[in-house]
Amino acid sequence: MWLDPQVIQSVPSLLDGWMLTVELTLLGAAGSLACGHLALAMQLTRIAPLRWLARLYISFMRGTPSLVQLFMVFFALPLIGLGGRPMLAAALTLGLNSGAYTAEILRGNMRVVTRGQIEAATALGMAPWLIALRIALPQMLKASLPALVNEFTILLKTTPLASAVAVTELVYAGQMVIARIYTSTQIMLLVSAGYLSVVLPVIWLGRRLRQRAPSTMRGT
Amino acid sequence: MTFDLAVLTAYVPALLHGFVDTIWLCVLSGALACALGIALVVGRRRGSRLLVVLIDGYVALTLALPLLVLLYVTFYVLPDFGLLLPASVVGVLTLAIYYAPYVAQVIQAAIDAVPAGTIEAGVAIGMSPLAIGRRIVAPQALPLLLPTLTGLMIGLFKDSALLSVISVHELMFTAKGVVSDTYAPLEVYFAVALVYWATTATLNHATRQWERRLALAHGVALER
Amino acid sequence: MKLNAAPAIRARDIVKSFGAQRILDGVSLDVARGEAICILGPSGSGKSTLLRCLNWLSPPDTGEVWIGDERVGMRNASVPRPEREIRAQRSRIGMVFQSFNLWPHMSVLENVMEGLLSVKRMTRLDASDVAVEALRRVGLSGKHTAMPGSLSGGQQQRVGIARTLAMAPEVILFDEPTSALDPELVGEVLAVMRGLADTQTTMIVVTHEIGFARDVADRIVFMDGGKIVEMGLPAQIIDHPSSARLRQFLHRFTPHGPHS
């Protein structure tokens with residue numbers, strides 16, 4: 001019973017699904033970084049409406065199920081002429097959703113950049129955008145790395161959501177195979193293995209990096 | 001674009017019913033997750049080598065797998081082994097199995113944070129392990145773990161929406177039904193989002209108030 | 001010694017309050033090119049605040065600051081300059097901070113080069129040359145690739161000085177540059193500053209190092225309560241203080257009397 005020949009034949013389509021999962025994760029991560037930085041920048045402006053908008057965005061994305069967000073995006077896209085693109089809806093939702101968490105991660109790591117460092121840059125005559133780009137962001141991103149890796153792992157685990165709008169990522173690919181050949185258990189095991197093969201190494205790597213991190217921290 | 005929330009008025013009772021179903025589901029699976037989480041912590045501490053390995057394996061698997069995959073696995077695989085359970089039972093069980101490792105992590109962290117000296121004092125007096133657990137560890141660990149635990153439960157509440165994909169009757173499933181009746185997906189999902197948002201916002205606010213009161217009681221300055 | 005009559009930097013009637021507290025109460029000061037000024041005074045006398053007014057880091061409430069013949073921060077009494085111009089002015093005024101404020105994610109050389117790249121828009125090659133020379137002047141030629149975290153406090157402060165030197169400012173402001181250093185590291189920084197004074201660098205130094213002030217300064221300014229109380233030649237100020245407050249202040253730092 002171990003691996004039906006039909007199951008073996010379906011591996012290519014599962015692999016295609018896996019590739020789409022990876023693609024969704026990368027697109028979502030890119031979107032997450034973009035939205036996260038934007039939301040953080042908005043929270044730091046002097047323009048109150050922008051600050052409120054950012055906080056609203058973060059609260060909404062963290063306070064509602066991603067499935068609801070996906071459907072909202074999916075049904076809103078046709079209204080701006082981008083209908084019939086489930087992949088876009090999924091990638092957009094993942095980026096927007098994860099972006100809210102990324103924004104909070106970055107915000108939490110702002111304190112590594114001391115006021116003195118910013119003053120020194122200002123005293124040299126550096127413009128605020130340069131200070132952000134050359135002084136603040138490099139340090140913030142470096143400090144945020146563990147949390148961001150964690151967040152993007154969660155992002156990967158959220159990609160199955162896209163199956164709800166028929167995007168043929170790994171889970172949906174698995175479902176389609178099951179619909180054809182009915183060997184649910186084996187297919188589901190393969191699907192699970194697909195996720196484990198990515199997430200377990202990442203978790204393991206994260207643990208090793210954290211063990212090594214203390215030696216690279218030397219205060220200024 | 002016509003965005004007309006009025007079309008939903010006829011369906012408010014149905015949506016409300018779905019919301020109540022969600023709450024009920026979450027309470028059940030939340031309680032189960034906590035019970036299982038405690039069992040995991042105890043099992044890891046006092047269990048045999050084999051049990052510890054099994055627990056670690058289970059924890060590693062569930063932490064690495066998406067909830068949706070776990071849902072589909074229990075939904076598709078159990079019938080293959082002759083276990084035909086109603087969707088709601090599968091849903092509640094899967095949510096509990098998924099969240100138990102996180103609960104266990106939180107409980108373990110809270111227990112680890114209890115100062116070893118206070119436990120030593122109990123041992124020195126001659127207290128039994130059970131008494132130490134009840135009178136020394138639990139009262140100190142509880143304030144530490146309750147806020148984080150509530151956070152997990154809020155996550156569970158949001159994840160309950162996924163149960164709709166295996167046709168469990170809760171808010172999201174009801175919403176899908178309303179959508180197919182009204183052809184107004186944006187209005188329906190927007191309203192549903194508001195319901196989830198209002199609930200999580202209220203729970204978050206309550207948790208923060210709780211944290212504040214706990215911190216004041218312990219003389220700890222809160223970081224804001 | 002001073003051929004050019006126009007002061008390098010001047011302050012006129014600077015007033016600054018923080019909330020209800022008036023920190024600077026009408027301070028005026030002219031610093032000639034090549035002059036080394038030391039500002040002494042008890043804490044709260046407004047010394048650091050004055051420095052931060054000079055480079056518009058913390059603009060005064062009223063008063064004027066002039067660098068050369070250009071007014072800092074304002075076009076005239078009521079119209080502020082655009083940020084762009086203020087930044088350009090700041091790049092002509094150097095500042096060395098009490099807590100060094102190096103950027104920990106950049107190497108020593110990159111710290112010194114940063115201003116040249118970002119503000120002066122030099123090419124990496126040119127910036128590198130200037131930075132290397134600046135580091136040589138502070139005695140840190142071997143430390144280009146070191147990270148700030150691996151340096152001692154004295155070395156970090158010297159990098160801070162190099163960072164400012166590289167910008168070739170018209171005046172350098174030192175805000176208690178040695179106050180955060182362990183005693184055995186103070187000397188190396190003071191030595192660098194002495195070298196700068198010897199090469200006619202225009203500098204304003206807020207410090208508690210009375211000995212350094214007496215030996216190196218062309219003029220000493222004593223501030224108390226937001227005002228300049230006494231000003232004059234070092235030997236005169238320190239050996240023959242005329243105001244009671246200055247005598248009190250010096251007494252605290254030189255327990256055997258003004259003649260140390």
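Because the structure is predicted, anything quoted here is derived from the model rather than measured. Lettering follows sequence order; numbering is per chain, from 1.
The candidate with the highest count of non-hydrogen atom pairs below 4.5 Å against chain A, out of C/L117, C/N55, C/L57, is C/L57. Contact tally against chain A (heavy-atom pairs below 4.5 Å) for C/M95, C/K120, C/R52: the top residue is C/R52.
Contacts between A/I135 and chain C at a heavy-atom distance below 4.5 Å involve backbone atoms as well as side-chain atoms. Contact of C/E114 with chain A is made through the side chain alone, with heavy-atom distances under 4.5 Å. Heavy atoms of C/M147 lying under 4.5 Å from chain A are absent altogether. Using a 4.5 Å cut-off between heavy atoms, C/S99 does not touch chain A at all. For a residue to count as touching a neighbouring chain, one of its non-hydrogen atoms must lie under 4.5 Å from one of that chain's; by this rule C/L151 does not touch chain A.
Surrounding CG of C/N76 are more than 12 heavy atoms belonging to other residues, nucleotides or ligands, all under 6.0 Å away. For NZ of C/K143, the number of neighbouring non-hydrogen atoms (other residues, nucleotides, ligands) closer than 6.0 Å is 12 at most.
The CH2 atom of C/W103 sits 11.0 Å away from the OG1 atom of A/T114 when rounded to the nearest 0.5 Å. Annotation: the span from C/H105 atom NE2 to A/Q117 atom CD amounts to 7.5 Å, rounded to 0.5 Å. Rounding to the nearest 0.5 Å gives a distance of 15.5 Å between OG1 of A/T122 and CH2 of C/W56. Distance CE/C/M167 to CG/A/L124: 5.0 Å, rounded to 0.5 Å.
Across all their heavy atoms, A/A123 and C/F97 have their closest contact at CB-CZ, 3.9 Å. Closest non-hydrogen pair, C/P104 versus A/Q139, comes out as CG-OE1, 3.0 Å.
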